[in-house]
Amino acid sequence: MTFRSLGLSVLVASAAAALVAGRLPAQISQLLSQREATVYWGEAESTVYTGKDIEAADDFDIQGELTELWFPFRTCVLCTPATVVGLHVRFYDVVGNLPGTQLASYYLTPGNGLTVTSSSIMADLPRPFLATGRHFVSAQIHATGAHGTGWAVANPTGPSGDVAVTRDRGTNGAWTQVSVPRSSSVDLGMSILGIAATAPIVYPDPGGAWIEVSPPLPSGAVDGALADVKVFASGDVWACGNYRRGSSASYEMHGFLAHFDGQKWTEVTLPVIPNSGYGSVDATGVDGTSSKDLWIIGQHSQSNSNPSPSTKPFVLHYDGTSFRQVSIPTTTASVVMTQIEDVEARSSTDVWFAGAGRMASSTSIQAGVAARWDGTSMRSIDLPRPTNPNESRFPRRVLALRANDVWIVGGGFPGSRQNWSEAFSLHFDGNNWQEFALPLTGFKTSASSIGGTIGGPLHVVGAASVTNGSGIRLAWAWNGSKWDRFDLPSGIADIHLTGSELRGTGSYAATYFATGWSVTTDIRTDFGGTNRSAGTARIDGLADGTLFAVGLTFESSGRRPFAITRVRKPLARSFDGRKSYPLTLRFVPQSSPTSGRIELGTGNPTSIAAFLLGAFPGHLALPFGDLLVDASPAWSTIFATRFGSNGTSGFSIDLRSPALIGVSVYVQGLEIDTSATIRLANAMHLLFAR
């Protein structure tokens with residue numbers, strides 16, 4: 001970092017060091033609900049020990065992930081000598097005004113998530129519980145020789161929600177209302193901590209605006225959709241998917257491949273698959289190194305209607321002139337690939353495929369399969385099986401960073417329980433595969449996408465839901481040795497590295513910054529309509545800011561292929577619309593189309609105006625505000641000027657400077673007055689277009 005005319009270099013350097021040390025802020029639990037205990041009012045017994053098994057529960061209404069629970073005692077902990085063995089924590093749905101189906105159960109022991117003090121118990125859940133509204137929660141002490149283990153009650157004159165209830169689990173007794181000497185209806189005293197679910201914050205897109213460039217339906221098609229996109233240049237874009245001919249009751253499905261030259265889409269006819277006769281075809285993925293080295297994957301069936309149980313995967317290679325079908329051989333463990341989900345081309349001699357196959361030992365169990373093209377031949381690779389031999393696995397995405405650094409993620413289900421799934425991740429180091437657990441939330445979890453860079457952020461996205469079908473999107477970040485959970489806007493279903501930036505798509509277009517994921521476009525609002533709902537399935541782009549996302553729209557006439565692209569232009573963008581800053585940093589276009597001005601306003605004419613410029617966004621919470629630009633040594637500078645008499649300061653920039661074309665610049669303003677007080681402005685992101 002270079003300092004010029006700034007007397008607070010030590011402070012800013014410390015801030016920069018903190019930013020570099022922690023590029024991904026840790027998720028911090030927040031207090032989501034609190035019912036303060038009325039210590040001398042009464043208690044609700046909830047214990048498990050010899051001869052007694054009493055469970056107390058109370059309701060709450062929260063949207064988010066619960067990570068910690070705190071329960072106070074009435075007057076003392078285990079008033080007679082006892083040994084705490086553990087704590088049972090259970091969550092239930094609500095039926096009427098009582099606990100219904102058990103949704104999750106945890107057993108904690110001292111030193112392993114359970115902390116016992118003289119007046120309370122703290123439960124640190126080993127995995128978060130996904131709360132999607134009203135639920136009941138119970139906490140039962142498991143002890144030996146215990147008496148007087150009652151939870152302190154709260155709200156004795158006006159319970160919050162439904163009143164607390166207890167039951168005898170030993171006799172499978174009915175739930176009954178808790179009453180205490182001075183009140184017939186009370187709540188349990190408890191505090192719930194976690195991460196609240198919040199709606200995504202929609203920002204202007206850094207560096208450009210999105211426009212629709214959807215291809216038309218092929219002749220005779222009744223509907224269609226796009227599944228994947230590959231961008232080689234703004235005028236060299238490939239997309240694949242499917243369209244249907246016939247009627248909604250009886251139709252033929254056709255694979256769809258189209259090329260965009262910057263002005264229009266042109267359909268490229270796929271060969272007949274299988275060769276023995278036309279079959280129902282769905283092209284689900286496309287990747288490659290150029291338009292003369294393109295791979296298309298999908299499924300096909302001998303049937304001319306809906307894909308049948310005879311559905312098989314296909315792999316096509318396109319050299320710019322003709323297609324060649326490449327078969328996927330049986331693995332060494334005699335697994336035959338039955339579906340292929342993703343393709344990633346590192347080079348023309350290193351292409352990875354991921355999918356699932358039928359095991360020779362059991363036609364009902366699916367095993368994960370990878371395949372690798374070396375430029376000459378295709379080789380199938382057996383993936384590690386889960387511990388449960390009856391569990392099926394379905395890889396969804398493959399990410400090949402290097403020949404010895406390959407990731408595969410997906411989901412699966414054990415045995416016949418097909419309504420239950422479990423996310424997984426596998427890593428290949430060039431010789432061996434190793435599984436790394438993905439911290440789970442909810443009952444149904446799956447990993448749907450992975451994206452990242454060598455030595456940079458590496459993220460997985462997926463989803464979790466509970467028994468009623470509601471749920472949230474999940475995101476995991478790789479910390480170098482394991483996956484950590486963090487928040488993700490609920491509408492993001494797929495992520496992909498586009499140039500040097502990690503992008504997301506789904507119901508929203510999003511960008512990952514060191515401060516987290518930020519939504520940049522609400523696709524449903526921007527591109528929807530009265531009889532139209534839009535969503536994207538995949539996104540791809542280049543380092544110069546070129547971006548394309550594809551998917552489908554639902555219109556009154558059915559599905560339609562959908563594509564949007566980002567038009568590049570210089571644009572200032574506030575990083576944090578949730579905070580109010582005393583200063584305003586903005587980008588002011590000048591009369592000349594090739595110039596602009598970075599301007600800091602509402603400052604004191606006697607103060608110094610400082611500008612922090614960096615190549616990366618970041619986040620550091622300071623006592624006087626949030627530093628939102630990552631001042632890492634990679635590329636950053638600080639310089640200072642005086643505010644003018646009108647309280648503004650700034651500098652001009654040439655938007656067409658060869659040194660800045662295609663470069664992202666992050667800027668934050670500061671004011672330092674004569675008493676060394678610092679005030680911060682918002683931050684901006686400028687992408688310099690061609």
Side-chain angles (χ1 to χ4, degrees), residues 35-60 66 68-110 113-123 125 129 134-156 159-192:
R35 296 176 183 172
E36 294 188 7
T38 307
V39 176
Y40 297 106
W41 203 281
E43 67 182 24
E45 189 173 8
S46 189
T47 57
V48 181
Y49 62 93
T50 303
K52 206 162 191 178
D53 188 353
I54 304 298
E55 178 184 16
D58 204 351
D59 73 317
F60 62 90
L66 312 188
E68 297 176 74
L69 302 173
W70 178 76
F71 290 86
F73 287 93
R74 177 173 178 254
T75 53
C76 61
V77 175
L78 308 176
C79 299
T80 57
T83 300
V84 176
V85 178
L87 181 74
H88 297 272
V89 177
R90 303 179 184 92
F91 291 92
Y92 301 88
D93 64 7
V94 180
V95 177
N97 294 316
L98 296 173
T101 302
Q102 180 175 296
L103 301 177
S105 177
Y106 308 83
Y107 186 69
L108 312 176
T109 57
L114 177 61
T115 302
V116 182
T117 71
S118 61
S119 60
S120 67
I121 273 189
M122 173 72 78
L125 302 182
F129 172 75
R134 287 190 63 220
H135 302 281
F136 271 85
V137 61
S138 73
Q140 264 189 303
I141 286 182
H142 187 188
T144 58
H147 295 280
T149 55
W151 302 127
V153 299
N155 307 318
S160 173
D162 292 323
V163 297
V165 292
T166 62
R167 68 169 173 173
D168 186 340
R169 289 183 62 92
T171 61
N172 197 27
W175 292 100
T176 59
Q177 181 177 317
V178 172
S179 61
V180 295
R182 296 174 62 185
S183 178
S184 60
S185 61
V186 295
D187 287 312
L188 297 183
M190 63 178 175
S191 297
I192 301 176

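All heavy atoms count here, side chains included; hydrogens, waters and symmetry mates do not.
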(message) Quick check for you: to the nearest 0.5 Å, what is the distance between Q140 atom CD and R169 atom CZ?
(response) 6.0 Å
(request) Check F60 against I192 and note the closest heavy-atom contact, atom names and distance. (result) CG-CD1, 3.8 Å
(message) So F91 and V137, do their side chains get closer than 4.5 Å, heavy atoms only?
(response) yes
(request) Please check if the side chain of E36 supplies one atom and the backbone of A154 the other of a donor-acceptor pair under 3.5 Å. (result) no
(message) If I take atom CG from residue D162 and atom OG from residue S185, how far apart are they, to the nearest 0.5 angstrom?
(response) 11.0 Å
(request) Can you measure from CG (L114) to CG (L87) and round to the nearest 0.5 angstrom? (result) 5.5 Å
(message) Could you tell me if the side chain of F136 sits less than 4.5 Å from the side chain of V165, heavy atoms only?
(response) yes
(request) Would you sort out whether N155 and R35 count as a side-chain contact (heavy atoms from CB on, under 4.5 Å), showing the intermediate values? (result) CA-CA 7 Å; N155 307 318; R35 296 176 183 172; 4.0 Å; yes
(message) Please give me the minimum heavy-atom distance between R90 and S105, naming the atom from each residue.
(response) CG-OG, 3.9 Å
(message) Pair T166, E45 - check side-chain contact (heavy atoms from CB on, under 4.5 Å), show working.
(response) CA-CA 8 Å; T166 62; E45 189 173 8; over 6 Å; no
(request) Please round to the nearest 0.5 Å and tell me the distance separating atom OG of S46 and atom CZ of R167. (result) 10.5 Å
(request) Return the minimal non-hydrogen interatomic distance between V178 and V186, and the atom names on each side. (result) CG1-CG2, 3.7 Å
(request) For G113 and L108, work out which heavy atoms get closest and say how close. (result) O-CD1, 3.6 Å
(request) Nearest 0.5 Å please: distance from the CG atom of N172 over to the CG atom of D53. (result) 10.5 Å
(request) Check L188 against A44 and note the closest heavy-atom contact, atom names and distance. (result) CD2-CB, 3.6 Å
(message) Using 30° and 60° as the class boundaries, would you call the ring planes of F71 and W151 parallel, tilted or perpendicular?
(response) tilted
(request) Can you measure from CG (D187) to CG (D58) and round to the nearest 0.5 angstrom? (result) 4.5 Å
(request) Locate the shortest heavy-atom distance separating Q102 from Y92; write the atom from each residue and the value. (result) CA-CD2, 3.6 Å
(request) Check step by step if side-chain contact (heavy atoms from CB on, under 4.5 Å) holds for W175 and N97. (result) CA-CA 10 Å; W175 292 100; N97 294 316; over 6 Å; no
(message) Set out, in order, the CA-CA distance, both residues' side-chain angles and the distance that settles side-chain contact (heavy atoms from CB on, under 4.5 Å) for D168 and I54, then state yes or no.
(response) CA-CA 5 Å; D168 186 340; I54 304 298; 4.0 Å; yes
